[in-house]
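Comments concern the structure below.
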Amino acid sequence: MSNAKPLIKGRILTGHRPTGPRHIGHLVGTIENWAQMQDSNECYFLIADLHVLTTDYEHSDHIQNNILEVLADWLAAGIDPERSTLVLQSAIPAHSQLTVLFSMLVTVPRMSRVPTYKEQVKELHLQPSLGLLTYPTLQAADILIYKANAVPVGEDQLPHIELTREIAHRFNQVYGDTFPEPEALLSPTPRLPGTDNRTMHTSYNNAIFLRETPEETTQKIMNMYTDPTRIHPTDPGHVENNPVFAYLDAFDPDLKGVEELKERYRLGKVGDVTVKRHLAEVLNDYLAPLRQRRREIIAHPKELRNLLTVGTEHARPLAEANLHEIQGKMGLNPNHS
Ligand code: TRP
């Protein structure tokens with residue numbers, strides 16, 4: 001039956017911070033997984049612009065353009081605004097209002113133990129802001145304001161979903177059953193290394209971006225880190241912990257071919273350059289249709305903005321209704337405005 005509505009399993013909320021164009025780690029770690037869920041779930045995809053300010057408040061002039069870059073990547077990779085709701089976080093004050101309410105239910109020591117916070121503090125070399133400390137509380141509000149059941153994220157976000165579940169649990173315990181305890185969902189490839197084998201990161205100079213040209217991608221691949229113990233193409237090679245093969249596993253549709261290539265690499269029967277040339281072709285082929293769509297989408301920034309506005313207005317009544325319910329349960333009078 002072609003136009004039978006698929007069964008809706010649950011409500012999903014997830015999102016990204018608009019920090020710049022998306023890379024292939026975002027693609028396989030999150031966006032492709034999200035796109036697949038649109039058939040059988042009610043999906044909300046959040047542009048978390050407030051979260052950008054937790055670290056970058058001094059460089060906030062990029063945010064508006066980055067929102068468009070992220071949206072273009074999402075849509076090109078299959079996020080469908082006809083079926084799903086795009087939400088701009090800062091445009092719905094209920095997200096921030098719920099953050100204040102949730103901040104009453106968590107302790108400061110609990111927040112300072114969040115691993116992403118501890119890492120950021122180590123890296124930043126400055127005094128962490130109060131906003132950074134409460135970052136995961138805002139994220140919990142993003143999720144629970146829609147009473148989402150599931151949150152598909154990258155591996156790095158798991159501590160935040162754990163905190164979200166704790167907040168939901170605590171709230172339900174004190175004020176009565178209100179929130180589902182949302183489940184974290186990982187993609188089949190939750191982690192893709194960068195071209196230097198560190199974590200792929202927009203600011204590490206080790207990312208392959210969806211929007212770049214095939215030539216740029218090829219050049220990055222030809223300079224990739226491989227097996228450091230291998231000097232000559234005839235040396236036996238290591239496939240494990242080798243990002244070139246991690247990429248082939250993620251992008252080469254010819255699974256049998258990849259296994260054969262790995263075997264020849266292990267035996268010292270194929271050189272790095274040959275493997276990299278093959279990878280460049282595979283990855284550029286994989287990204288070609290997405291890149292084509294992206295060029296068409298980014299050419300119409302007004303339409304992109306409009307899609308975000310329409311989605312946000314669609315989400316707003318649900319967020320506001322839930323906020324009112326929560327305020328009431330917490331002993332406030334939501335009608336007194
Ligand atoms: N912290 C997420 C990231 O950096 C972005 C985010 C904000 C998010 N709110 C969210 C993800 C709610 C999932 C659900 O990628």
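- Under the 4.5 Å side-chain criterion, counting only non-hydrogen atoms from C-beta, Y117 is not in contact with P136.
- Side-chain contact, E166 with H169: no donor N or O sits under 3.5 Å from an acceptor N or O.
- For Y146, the ring-ring contact (aromatic ring centres under 6.0 Å, His included) partners are Y44, H95, not counting sequence neighbours.
- Contact of the Q89 side chain with the L138 side chain is registered, since non-hydrogen atoms from C-beta on lie closer than 4.5 Å.
- In the model, H238 has no side-chain atom that pairs as donor or acceptor with a side-chain atom of R230 under 3.5 Å.
- A side-chain donor-acceptor contact under 3.5 Å links S90 and D49.
- Two residues are said to be in side-chain contact when any heavy atoms from C-beta on lie closer than 4.5 Å; T164 and V151 fail this criterion.
- Side-chain atoms of E183 and N149 include no donor-acceptor pair closer than 3.5 Å.
- Side-chain contact check for F245 versus V275: some heavy-atom pair is nearer than 4.5 Å.
- Side-chain atoms of H23 come within 3.5 Å of backbone atoms of G25 as a donor-acceptor pair (strictly under, hydrogens ignored).
- Listed here is the closest heavy atom pair of A35 and A77: CB-O, 3.9 Å.
- Side-chain atoms of R291 and T217 include a donor-acceptor pair closer than 3.5 Å.
- Between the side chains of H278 and D252, at least one donor N or O sits under 3.5 Å from an acceptor N or O.
- Here the two rings, on W34 and H26, have centers that are 6.0 Å apart or farther.
- Applying side-chain hydrogen bond (donor to acceptor under 3.5 Å, both in side chains) to N206 and the options N197, D196, T199, T195 leaves one that passes, D196.
- Counting heavy atoms from C-beta on, the side chains of P243 and Y225 come closer than 4.5 Å.
- With contacts defined as side-chain heavy-atom distances shorter than 4.5 Å, the pair Y135/Q120 does not qualify.
- In this structure, R113 has no side-chain hydrogen bond (donor to acceptor under 3.5 Å, both in side chains) partners at least two apart in sequence or on a different chain.
- Remark: aromatic rings of F171 and F179 are close, center separation under 6.0 Å.
- Side-chain contact between R295 and Q292 is present, with at least one heavy-atom pair separated by less than 4.5 Å.
- Judged purely by distance below 3.5 Å, without hydrogens or angles, the side chains of T213 and E216 pair a donor atom with an acceptor atom.
- Connection of L210 to Y286 is established within a shared hydrophobic cluster, with ILVMFWY side chains joined at heavy-atom distances below 4.5 Å, either directly or through further cluster members.
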Would you sort out whether E42 and K9 count as a salt bridge (Lys or Arg N to Asp or Glu O under 4.0 Å), showing the intermediate values? CA-CA 8 Å; E42 182 191 355; K9 282 192 293 204; over 6 Å; no

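- Under the 4.5 Å side-chain criterion, counting only non-hydrogen atoms from C-beta, I161 is in contact with I143.
- Under the 6.0 Å cut-off for aromatic ring centres, F45 and H16 do not qualify, their centroids lying 6.0 Å or more apart.
- Looking at T234 and H232, their side chains never bring a donor and an acceptor atom within 3.5 Å of each other.
- In the hydrophobic cluster analysis, where Ile, Leu, Val, Met, Phe, Trp and Tyr join through side-chain heavy atoms closer than 4.5 angstrom, M224 is grouped together with V258.
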Using the salt bridge (Lys or Arg N to Asp or Glu O under 4.0 Å) rule, take E313 and R316 through it: C-alpha gap first, then chi angles, then the decisive distance, then the call. CA-CA 5 Å; E313 291 322 311; R316 190 187 304 278; 2.8 Å; yes

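- With no hydrogens or angles considered, no side-chain donor-acceptor pair links N66 and R17 at under 3.5 Å.
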Does the pair R293 and E296 meet the rule for a salt bridge (Lys or Arg N to Asp or Glu O under 4.0 Å), with working shown? CA-CA 5 Å; R293 284 193 294 274; E296 291 159 16; over 6 Å; no

